[in-house]
Amino acid sequence: MTALDPALVTDWFAAHARDLPWRRPGFSAWGTLVSEFMLQQTQVARVVPILEDWLRRWPTPADLAAAPPAEVLRAWGRLGYPRRALALHACATAIAERHGNRVPEDVDELLALPGIGDYTARAIAVFAHGHRHPVVDTNVRRVVARAVQGVAQPAAPNARRDLPAMEALLPDDRAAQRAFNAGMMEIGAVVCTARAPRCDECPLGAVCAWRLAGYPPPDAPPARRKPRFEGSDRQLRGRVMAELRASDVPVGETELVAVVPDPGVRARILAGLERDGLAARDDDGWSLPS
DNA sequence: AACACGGGGTA
DNA sequence: TACCCAGTGTT
């Protein structure tokens, strides 16, 4: 394992970083938190417009905490995984009530908040507050696997290994570590992509262990069949949620039959949404939670 | 360790 | 049409 010169990453990032809202000077810690929640599951291009509307409407955690969940779910729209909108709302409530309406700086305090795990806690500590931590997402794991370890694909995610591996590469300097974390993610997102890496554009091209080794192929993945999306409960949940978002009044059984014809499946979908706090039933039908 | 969880994009 | 993307929480 050759040491990686951090300047290769930070210099490239300074010259090639995409212009994104959360990279603007003065972008708030709260804005960074909201952006990280949205980016957990959704591509940059889909997040940007929703994020900007969201922050105009709810500029601080207390503003979001005061909003009814139904409005939060409508604003989340088609970003996907609507449970995360609820987690963000709960997170805002906790910050407003227990942290004086200020986004915590400490990783352990962040990890204790709803919807924040290993990645998001460190991303906020680093990008919102400038603290020094390894930030490891799937892009970083792929870049480290290739450039440092010389293998095509990273092993299964494991914080016990992944965090020390990134820590070992991280520069000490406060500004440089921030640019290094952001730069490694950016390289993974736009250059060292999973399927068709653009090695001729890569700032690590001259030192990449995988490239230098002649691009050894990945180990054969264990045969494992993936669930199809078409017709899945996931797809049906999404369609029911779209109906609820679109309606000002409770949605009755008749309309839901058109979305999920099978009575057993329909009952299962609605029970799941109710259990997750995404839908509520009253005498007139189903609504978003008030 | 495996699964559940949306929705859109690419080959 | 088939496959890919990706972090958190639960089991």
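Here is how names work: the chains are called A, B, and so on, in the same order as the sequence lines, proteins then strands, and each is numbered from 1.
Between T42(A) and dA6(C) there is no side-chain N or O to OP1 or OP2 distance below 4.0 Å.
Side-chain contact check for Y215(A) and R146(A): no donor-acceptor pair (N or O, by modelled atom type) lies under 3.5 Å.
With rounding to whole Å, D233(A) atom CG is found 9 Å from dA4(B) atom P. At whole-Å resolution of the value, CD in Q40(A) and C1' in dG6(B) are 14 Å apart. Between the CG atom of L86(A) and the P atom of dT10(C) there is a distance of 13 Å, rounded to whole Å. In this structure, the CG atom of N158(A) is 17 Å from the C1' atom of dA6(C), given to the nearest Å. Taking atom CE of residue M38(A) and atom C1' of nucleotide dC5(C), one finds them 19 Å apart after rounding to whole Å. Taking atom CG of L236(A) as the reference point, atom C1' of dA4(B) lies 15 Å away to the nearest angstrom. The nearest whole Å value for the distance from the CG atom in L33(A) to the P atom in dT8(C) is 11 Å. Spacing between atom CD1 of I269(A) and atom P of dA4(B) amounts to 12 Å, rounded to whole angstrom units.
Under a 4.0 Å N-O distance rule, the pair R132(A)/D172(A) qualifies as a salt bridge. Under 4.0 Å is where a charged nitrogen must lie from a carboxylate oxygen, and between R23(A) and D19(A) no such pair does. Ionic pairing of E243(A) and R266(A) is not present here: no N-O contact between side-chain nitrogen and carboxylate oxygen is shorter than 4.0 angstrom.
Residues satisfying the side-chain contact (heavy atoms from CB on, under 4.5 Å) test with L212(A), not counting sequence neighbours, are none.
Across all strands shown, D276(A) has no heavy atoms under 4.0 Å from either base or sugar-phosphate atoms. Within 4.0 Å (heavy atoms only), P114(A) reaches sugar-phosphate atoms of the nucleic acid but no base atom.
Checking I116(A) against L39(A), the closest nucleotide of DNA chain C that is more toward the 5' end is the one next to L39(A). For the pair L273(A) and A156(A), nearest-nucleotide mapping onto DNA chain B gives the more 5' position to A156(A).
Separation of the C1' atoms belonging to dA6(C) and dA2(B) is 16 Å when rounded to the nearest angstrom. The P atoms of dT10(C) and dG6(B) are separated by 15 Å, rounded to the nearest whole Å.
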Audit row: N181(A), Q177(A), side-chain contact (heavy atoms from CB on, under 4.5 Å) steps and yes/no: CA-CA 6 Å; N181(A) 275 307; Q177(A) 65 87 22; 3.2 Å; yes
Short N/O separations, protein against nucleotides 7-10 of chain B, under 3.5 angstrom:
| residue | atom | partner | partner atom | Å |
| --- | --- | --- | --- | --- |
| dG8(B) | OP1 | R78(A) | NE | 2.8 |
| dG8(B) | OP2 | R78(A) | NH2 | 3.2 |

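Taking the six-membered ring for Trp and thresholds of 30 and 60 degrees, W12(A) and H16(A) have nearly parallel ring planes, at less than 30 degrees apart.
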